[in-house]
Undergrad: 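Structure provided below as structure tokens; questions to follow.
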Amino acid sequence: MKYYILFGPPGAGKGTQAALLVEKYNLHHVSTGDLLRKEIKAGTPLGLQAKEIIAKGDLVPDAIVEGMIKNEIVSNQDVKGFLFDGFPRTVAQAEALDKMLAELNTGIDSIISIAISDEVVHQRIHHRAMIENRADDANDETIRTRIANYHEKTEPLIAFYKAQNKYFEFEGEGTIEEIFGRISKHIEK
């Protein structure tokens with residue numbers, strides 16, 4: 001079983017690459033937002049806890065998200081691996097994920113980071129906002145804030161995984177196929 005984490009700034013193409021990776025390598029895509037919605041809809045104990053917390057306008061605690069991720073791993077053993085997207089977002093979450101996977105006698109194989117410049121992030125988000133009619137992403141100040149938040153929250157994770165020799169960065173400019181080719185070569189090593 002393989003475990004990958006997909007990193008990259010907004011607009012890097014993570015969603016596009018995740019879909020291709022899932023299809024080609026029979027990976028299970030684990031998105032924390034999707035997990036929350038799934039657990040709430042199913043009425044699981046964790047889902048009911050999350051629903052109550054969200055209803056109050058609070059953020060779902062790491063322990064609940066981690067429990068949902070563990071449930072997702074344990075209940076999907078028919079795949080060749082997992083692709084985490086949107087988790088971990090902090091060093092504390094990364095440490096908890098490492099501990100959880102160690103309890104399952106496994107660990108993260110690699111972090112796949114799609115790198116693009118801040119200028120390209122800005123252009124892509126602005127372009128996507130126009131196409132998808134997303135007014136919130138059309139504002140230059142909002143885009144700058146999203147870029148700053150990405151750097152602030154992600155850079156400690158990059159150092160965390162570099163220290164484990166699990167961080168691999170891929171050029172995120174070019175065609176979808178070129179980027180997928182770069183990532184595929186890494187996975188197939």
Side-chain angles (χ1 to χ4, degrees), residues 1-47 50 60 62-91 93-116 124 128 132 150 154 157-158 160-189:
M1 189 80 61
K2 298 286 186 179
Y3 295 86
Y4 302 102
I5 296 172
L6 190 59
F7 270 172
K14 295 183 300 295
T16 300
Q17 294 301 321
L20 295 170
L21 291 166
V22 164
E23 184 177 332
K24 182 172 183 178
Y25 298 105
N26 190 27
L27 300 174
H28 185 75
H29 186 217
V30 179
S31 160
T32 51
D34 291 346
L35 277 183
L36 283 168
R37 287 184 288 278
K38 177 181 168 186
E39 295 274 342
I40 290 168
K41 185 177 179 182
T44 67
L46 287 172
V60 178
D62 287 353
I64 292 176
V65 174
E66 291 157 12
M68 290 179 181
I69 288 171
K70 187 170 187 177
N71 288 348
E72 193 72 6
I73 291 169
V74 171
S75 62
N76 287 283
Q77 291 295 301
D78 58 336
V79 296
K80 291 186 180 174
F82 293 85
L83 181 64
F84 297 102
D85 181 5
F87 187 87
R89 289 187 186 267
T90 65
V91 171
Q93 289 177 349
E95 290 169 343
L97 180 60
D98 282 354
K99 182 180 176 193
M100 176 196 321
L101 292 175
E103 289 169 2
L104 298 170
N105 297 314
T106 190
I108 295 295
D109 290 280
S110 67
I111 286 52
I112 299 166
S113 180
I114 303 171
I116 58 176
R124 287 187 182 175
R128 183 172 66 192
E132 297 176 6
Y150 170 77
T154 303
L157 283 172
I158 290 171
F160 178 82
Y161 285 115
K162 275 185 176 180
Q164 296 180 21
N165 294 316
K166 294 179 180 180
Y167 179 83
F168 299 90
E169 191 169 278
F170 301 91
E171 174 58 49
E173 294 184 43
T175 67
I176 291 168
E177 294 78 18
E178 289 168 342
I179 298 162
F180 185 62
R182 293 178 197 127
I183 295 170
S184 294
K185 283 181 188 172
H186 167 72
I187 288 176
E188 292 169 10
K189 274 199 262 182

Undergrad: Any side-chain heavy atom of F87 within less than 4.5 Å of one from V30?
TA: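 Counting from C-beta outward, F87 and V30 never come under 4.5 Å.
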Undergrad: Are any of the side-chain heavy atoms of I108 and D98 separated by less than 4.5 Å?
TA: yes
Undergrad: Residues in side chain to side chain donor-acceptor pair (under 3.5 Å) with T44, at least two apart?
TA: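 Checked T44 against side chain to side chain donor-acceptor pair (under 3.5 Å); matches are E39.
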Undergrad: Please identify each residue that fulfils salt bridge (charged side-chain N to carboxylate O under 4.0 Å, His left out) with K38, with sequence neighbours left out.
TA: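 In terms of salt bridge (charged side-chain N to carboxylate O under 4.0 Å, His left out), with neighbours along the sequence ignored, K38 is linked to E72.
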Undergrad: Run the side chain to side chain contact (heavy atoms under 4.5 Å, CB included) test against I73 and tell me which residues pass, sequence neighbours left out.
TA: Y3, I69, Q77, F82, F84, M100, L101, L104
Undergrad: State which residues pass salt bridge (charged side-chain N to carboxylate O under 4.0 Å, His left out) with D62; sequence neighbours excluded, sorted by chain then number.
TA: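 Salt bridge (charged side-chain N to carboxylate O under 4.0 Å, His left out) list for D62, sorted by chain: empty.
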Undergrad: Distance check, rounded to the nearest 0.5 Å: R37 atom CZ versus T32 atom OG1?
TA: 8.5 Å
Undergrad: Under the side chain to side chain contact (heavy atoms under 4.5 Å, CB included) test, which residues partner F168, sequence neighbours left out?
TA: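 S110, F170, H186.
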Undergrad: Between side-chain atoms of residues 14-24 and protein atoms elsewhere (two or more places apart, or another chain), which donor-acceptor pairs fall under 3.5 Å?
TA:
unit_1	atom_1	unit_2	atom_2	d
K14	NZ	G8	O	3.0
K14	NZ	P9	O	3.0
Q17	OE1	F180	N	3.4
Q17	NE2	I176	O	3.3
K24	NZ	E188	OE2	3.2

Undergrad: Which heavy atom of A50 sits nearest a heavy atom of L36, and at what distance?
TA: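 Of all heavy-atom pairs spanning A50 and L36, the closest is CB-CD2, 3.9 Å.
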Undergrad: Just wondering, do D85 and D34 contact through their side chains at under 4.5 Å, heavy atoms?
TA: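 Heavy-atom side-chain distance check fails, nothing below 4.5 Å.
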Undergrad: Please name all residues satisfying side chain to side chain donor-acceptor pair (under 3.5 Å) with S31, sequence neighbours left out, ordered by chain then number.
TA: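 With sequence neighbours excluded, S31 shows a side chain to side chain donor-acceptor pair (under 3.5 Å) to no residue whatsoever.
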Undergrad: Could you check whether atom NZ of K2 has more than 12 heavy atoms from other residues, nucleotides or ligands sitting under 6.0 Å from it?
TA: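 Incorrect, the count does not exceed 12.
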Undergrad: What residues form a side chain to side chain donor-acceptor pair (under 3.5 Å) with E95, not counting sequence neighbours?
TA: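 Side chain to side chain donor-acceptor pair (under 3.5 Å) check on E95 returns nothing, list empty.
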Undergrad: Which pair of heavy atoms, one from L27 and one from K80, lies closest together, and at what distance?
TA: CD2-C, 4.4 Å
Undergrad: For L97 versus P88, what's the shortest heavy-atom pair and its separation?
TA: CD2-CD, 4.0 Å
Undergrad: Evaluate the side-chain contact (heavy atoms from CB on, under 4.5 Å) criterion for residues Y167 and I5: first the C-alpha distance (whole Å), next the side-chain angles of each, then the deciding distance (0.1 Å), finally the verdict.
TA: CA-CA 9 Å; Y167 179 83; I5 296 172; over 6 Å; no
Undergrad: Just verifying a value: how many Å separate I111 CD1 and T154 OG1, rounded to the nearest 0.5 Å?
TA: 12.0 Å
Undergrad: I'd like to check the salt bridge (charged side-chain N to carboxylate O under 4.0 Å, His left out) partners of R89; sequence neighbours left out, ordered by chain and number.
TA: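 Result, salt bridge (charged side-chain N to carboxylate O under 4.0 Å, His left out) vs R89: none returned.
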Undergrad: Supply the atom-to-atom distance I187 CD1 to D109 CG, rounded to the nearest 0.5 angstrom.
TA: 10.0 Å
Undergrad: Please enumerate all residues that pass side chain to side chain contact (heavy atoms under 4.5 Å, CB included) together with E171, with sequence neighbours excluded.
TA: E173, R182
Undergrad: Which distance, rounded to the nearest 0.5 Å, do you find between the CZ of F7 and the CG of L157?
TA: 4.5 Å
Undergrad: Could you tell me which residues satisfy side chain to side chain donor-acceptor pair (under 3.5 Å) with N71, sequence neighbours excluded, listed by chain and number?
TA: none
Undergrad: Mind checking salt bridge (charged side-chain N to carboxylate O under 4.0 Å, His left out) for E177 and listing every partner two or more places apart, or none if nothing turns up?
TA: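 Partners of E177 by the salt bridge (charged side-chain N to carboxylate O under 4.0 Å, His left out) criterion come out as none, since no residue qualifies.
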